[in-house]
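A short write-up of the structure that comes next.
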Amino acid sequence: PYWRGPIWINFNYLALCGLHHYASRPGPYQARAGQLAGNLREVIVRTVSSEYQRSGYFYEQYDPDTGKGQRTHPFNGWTTLALLALSERFAVLDDSSD
């Protein structure tokens, strides 16, 4: 695998925003981007919520294999982006170059 470190929700949220952008635009990868966005959204929400239910905390980062929270907690910074993913509110990307 390419990524061999802890999972940071902010980077995953940025990837989710990009996938959502391409899923909402006609093109050869529209369907695949939508599928990947749905899968990533589900994993982000499931990881953060299951760890919160287990421990009562949001964490700074999560183990890539187990999803277990690690490092700083309670951490209500970028990990709360999972709530935006849950509500399907994504950052708007600049369309001026399309």
Roughly how far, to the nearest 0.5 Å, is [atom2] of [Y] from [atom1] of [X]?
X     : Y     : atom1 : atom2 : value
Arg41 : Asn12 : CZ    : CG    : 14.0 Å
Thr79 : Asn10 : OG1   : CG    : 7.5 Å
Thr72 : Gln61 : OG1   : CD    : 7.5 Å
Leu40 : His20 : CG    : NE2   : 13.0 Å
His73 : Glu60 : NE2   : CD    : 11.5 Å
Leu19 : Ser24 : CG    : OG    : 11.0 Å

(request) Search all heavy atoms of Ala85 against all heavy atoms of Leu16 and return the closest pair with its distance. (result)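 Looks like CB-CD2, 3.7 Å.
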
(request) Might you point out which heavy atoms bring Ile44 and Ala82 nearest each other, and give the distance in Å? (result)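 What the structure gives for the nearest pair is CG2-CB, 3.9 Å.
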
Starting from [Y], can I reach [X] by hopping between I/L/V/M/F/W/Y residues whose side chains sit under 4.5 Å apart?
X     : Y     : answer
Tyr57 : Val45 : no
Leu83 : Leu14 : no
Phe11 : Ile9  : yes

Is there side-chain contact between [X] and [Y], with at least one heavy-atom pair below 4.5 Å?
X     : Y     : answer
Ile7  : Thr47 : no
Lys68 : Arg54 : yes
Gln30 : Arg25 : no
Asn39 : Val43 : no
Arg71 : Pro6  : no

(request) Anything under 30° is parallel, anything over 60° is perpendicular, the rest tilted; go ahead and classify Trp8 against Trp78. (result)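 Plane angle between 30° and 60°, so tilted.
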
(message) Once ring pair (Phe, Tyr, Trp, His ring centres under 6.0 Å) is applied, do any residues pair with Phe58, and if so which ones, sequence neighbours excluded?
(response)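 Checked Phe58 against ring pair (Phe, Tyr, Trp, His ring centres under 6.0 Å); matches are Tyr52.
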
